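Okay, so here's the structure we're looking at.
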Amino acid sequence: MLDKRTSIEEAIAQITDGASIMVGGFGVPGTPFLLLEELVRQGQKRLTIIKNDANESGMGVDLLVANGQVARLVVSHLGLNPHAIERMNAGDITVEFCAQGILAERIRAAGAGLPAVLTDIGIDTLLADGKPVIEFEGQRCLVEKALSADFALIHAERADPFGNHTYAASARNFSPLMAMAAQTVIVEAEQLVAEGEIAPDAVHTPGPFVDAVVHLEALTDAYGVVRRGNEVVNRAG
Amino acid sequence: MLDKRTSIEEAIAQITDGASIMVGGFGVPGTPFLLLEELVRQGQKRLTIIKNDANESGMGVDLLVANGQVARLVVSHLGLNPHAIERMNAGDITVEFCAQGILAERIRAAGAGLPAVLTDIGIDTLLADGKPVIEFEGQRCLVEKALSADFALIHAERADPFGNHTYAASARNFSPLMAMAAQTVIVEAEQLVAEGEIAPDAVHTPGPFVDAVVHLEALTDAYGVVRRGNEVVNRAG
Amino acid sequence: MQARERIVRRAAREVRAGMTVNLGIGLPTGIAAYLEAGMNVCLHSENGVAGVGPAVATERADRNLIDAGGAYVSTLPGASFFDSAVSFALVRGGRLDLALLGAMQVSASGDLANWIIPGKFTPGVGGGMELAQKSRRVVALMTHCDKGGRPKILQECTLPLTAPRCVDRVITDMAVIDIRGGTMLLREIAEGVSVQEVVDATDAPLTIDADAISTF
Amino acid sequence: MQARERIVRRAAREVRAGMTVNLGIGLPTGIAAYLEAGMNVCLHSENGVAGVGPAVATERADRNLIDAGGAYVSTLPGASFFDSAVSFALVRGGRLDLALLGAMQVSASGDLANWIIPGKFTPGVGGGMELAQKSRRVVALMTHCDKGGRPKILQECTLPLTAPRCVDRVITDMAVIDIRGGTMLLREIAEGVSVQEVVDATDAPLTIDADAISTF
């Protein structure tokens, strides 16, 4: 199969100003911190970031926010990140909130080539503002539009050069959906293994969805850090 | 976790006349032949069967058709089963054809609690007859209704008593979708393993979706038979 | 006993063997500690875990395994991991038997407000709407009154709703109240609390059958 | 050379290294045998396999591993299995670079008919519509004329369509024809066939640049 291994610099250099980027992860697990740090280093601007949350203040997506690279966030919540809430309230970034499972379905719909899905989740709430409502078989439904992106940044536990990969535990979350929904899918992998080492039955995201595989030589503290009040504990590696 | 082990008789006895039943499998792999044979034995009538195909003549779903138990089939094709086509043409059964991937999405939508999805697949073809068309963001779309069922009959390679299970190779096909979309989900398993033996990362369908686990003591020839012209070869076991 | 502990202890009794249950972020998370040991319960976490086990100290934690509240957790035998679409399919598809959710306000008809205080608390709803709208049974947990002593059970919620008509039962530090067809039924009162005190602290009509009220 | 072999040999040259490709049921399945050995191609089968390898004799087959046509197959290193929703997400989401599909009729504007002959052949469409509508490139394979010698490339299809305006190229036993913006462009003719014979056997206008036509 095609060898998609790429350097982290080249992978991220494909991203242009104004791009929309899906970022895997729910809190720390699954967040591709090193891809995000390279994006901070390269400095692309006016980005739209689609992620469940904006990480905690001072890490992951928040580094992009702090660096003024983010124009817009699409998230289910910012509960872990008072800094992002501050920036939102100051009008520095715009934030679109989605119900978490509907965010997942909108991303999945894009990956599945469906223009939209119908749902009654959030109908008649603030989150339905501006969304089309139709009647379907006697039930009022929101029409939730597919959410695609130019790029997806994904963290894998293991990947092969073709892009087949697996996720560890709760690090899976939005990643398999995003890996189907973006134009260009960049996967960072803790372990790079030969083709065939991931049993076909064990693959979480199949190689054909992936465009670039970046092997991480080592993890940084971010992958194992969870802040609890003033306590910072390193669980990386 | 809850122990959902059940005898095959009890599991199938839950099915009543007139029930709608999803049946996993694409051709032979994934078809729960023993659950179907028990259903033939018990003889429930006026069934709606939802499956990718109706198996080959003389096996699986076709035994139900031959036994006069099927009122309606929802399938993507009957290409393997001239007997079912004959019965359809004779008016003995009604058949609803769906594009294969849209059949998958309709089933998945039911499992995901979505009333419908929008798609342009099959628009302006015979398969769109009678389906609502709406305009969404300048694109004409079919509204494809979620397809649920009273029961799903699923074949697993391995299952634990809680219902976590895995599929083998191309036997996966529609099963994970159906196992989410039916009111009552009955899984027959080649191997019954203790809880925890299937690693949480390796589970294909999580236990909470499953209602009954039937351990198969042995497979029958059907599981390994593929007819090629006059050649019949046993690959079971 | 502290108000929170009283609520959580009582709420733990809502969980029955065989159920698949989601414990919402905040107050409900504490329920896990009060469940009967070895009870056959499958705890669901919306970040993609079924079979959540006890919390784990940071130094022994698996960095990839947290619950939706961000706490390091373990798994029980029979656990599974899945993606966010499957996780909410489980909720919206009706496979979640019970959600125990923190509340800010609950109305007489079972409306739930628990996600936003416009202008003050605007973190986004996370998975709260799906849990409130689609769990087979929703039990809301909160202190009966706010810090200023004002009732949080109201004829109509004043905060934006998470979901209308979704709450089946409210458990507070003062009472257990069922909601059926738009009516609030006082079922239990906390030890040391009188029916009249509950009535006074509630800004919605309560149906009261004094003989049927037990104490918790 | 038989017509079928001629078509399949030529069609194999459509497959390029690095592509993800679906070989439709019937005629196109035969292409696999003509692909360059060791070529980096990922063959997709809509029953949930990427990385399909050579067909396997029944006696050595894995009973759980077939392709969408029902043939026992093997997998190559780097293969993956997935469910039918993911399989068609791959197709509809634009990850399938090329589909080689059998055809009954193709129209001048690229309409494809390959699934039903009303009253005669009504097996259902399977995955054909998605493959035709959403693959990045669709190459239709068929004999140039039917058994009665009647053209199958038509101004308009007479059979019900699988998908309108989806075919990029038609490969027959007589010719290779590209379809661009509603125009049919004759690109190649089979060895021993004249341009005039192709024109006579085609019931749609062909744009012909005689100097640019090669032989296959």
Side-chain angles (χ1 to χ4, degrees), chain A residues 26-30 52-53 56 75-82 84-85 88-89 95 97-105 107-108 111 119-127 155 157 167-177 204-205 219 223-228 231 233-237, chain C residues 25-26 45-49 52 56-75 79-93 111 113 115-116 118-134 159-164:
Chain A
F26 187 113
V28 166
N52 176 61
D53 53 77
E56 297 164 67
V75 295
S76 85
H77 74 93
L78 295 175
L80 308 166
N81 192 337
I85 294 179
M88 167 180 78
N89 291 337
V95 178
F97 288 109
C98 276
Q100 194 168 100
I102 297 305
L103 181 61
E105 285 298 325
I107 293 167
R108 188 195 169 278
T119 178
D120 63 346
I121 296 296
I123 198 161
D124 299 327
T125 71
L126 292 181
L127 287 194
H155 179 84
E157 184 183 43
Y167 310 100
S170 70
R172 193 182 315 187
N173 57 73
F174 283 77
S175 296
L177 315 169
H204 290 149
T205 292
L219 299 185
Y223 290 88
V225 167
V226 172
R227 289 186 174 74
R228 295 260 178 291
E231 180 197 19
V233 184
N234 183 357
R235 293 287 310 153
Chain C
I25 293 169
S45 187
E46 56 266 42
N47 59 330
V49 189
V52 175
V56 178
T58 308
E59 54 280 7
R60 288 182 298 112
D62 173 350
R63 64 182 159 83
N64 288 307
L65 182 48
I66 62 172
D67 66 14
Y72 287 124
V73 292
S74 56
T75 53
S80 55
F81 302 130
F82 34 81
D83 69 42
S84 297
V86 170
S87 191
F88 282 92
L90 188 152
V91 178
R92 289 190 310 266
D111 298 349
W115 73 284
I116 189 170
K120 286 190 184 162
F121 178 74
T122 55
V125 75
M129 284 188 179
E130 278 110 333
L131 291 170
Q133 233 177 305
K134 297 297 179 180
L159 293 171
L161 297 188
T162 307

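Computed from a predicted structure; not experimentally measured. In what follows, chains are A, B, ... by sequence order, proteins preceding strands, each numbered from 1.
Contact annotation for D120(A): both backbone and side-chain heavy atoms come within less than 4.5 Å of a heavy atom of chain C. Contacts of I102(A) with chain C are made by both backbone and side-chain atoms, with heavy-atom separations under 4.5 Å. With a 4.5 angstrom heavy-atom cutoff, T162(C) touches chain A only via backbone atoms. Contacts of T122(C) with chain A are made by both backbone and side-chain atoms, with heavy-atom separations under 4.5 Å. Using a 4.5 Å cut-off between heavy atoms, A79(C) makes no contact with chain A at all. Interface residue V125(C): backbone and side-chain heavy atoms are both found under 4.5 Å from chain A. For chain A, the nearby part of I116(C) is the side chain; its heavy atoms alone come within less than 4.5 Å. Only the side chain of Q133(C) comes within contact range of chain A, with heavy atoms under 4.5 Å apart. Proximity to chain C is limited to the side chain of L177(A), based on heavy atoms less than 4.5 angstrom apart.
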request  = Start with the C-alpha distance between R63(C) and L219(A), add both sets of side-chain angles, then the distance that settles side-chain contact (heavy atoms from CB on, under 4.5 Å), and finish with yes or no.
outcome  = CA-CA 12 Å; R63(C) 64 182 159 83; L219(A) 299 185; 3.4 Å; yes
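Most heavy-atom pairs under 4.5 Å with chain C, from the set G27(A), S170(A), A104(A): that is S170(A). By number of non-hydrogen pairs under 4.5 angstrom with chain C, the leading residue of G30(A), G101(A), A99(A), A84(A) is G101(A).
The line from CD of Q100(A) to CE of M129(C) is 12.5 Å long, rounded to the nearest 0.5 Å. How far NE2 of H204(A) is from CZ of F81(C): 10.0 Å, rounded to the nearest 0.5 Å.
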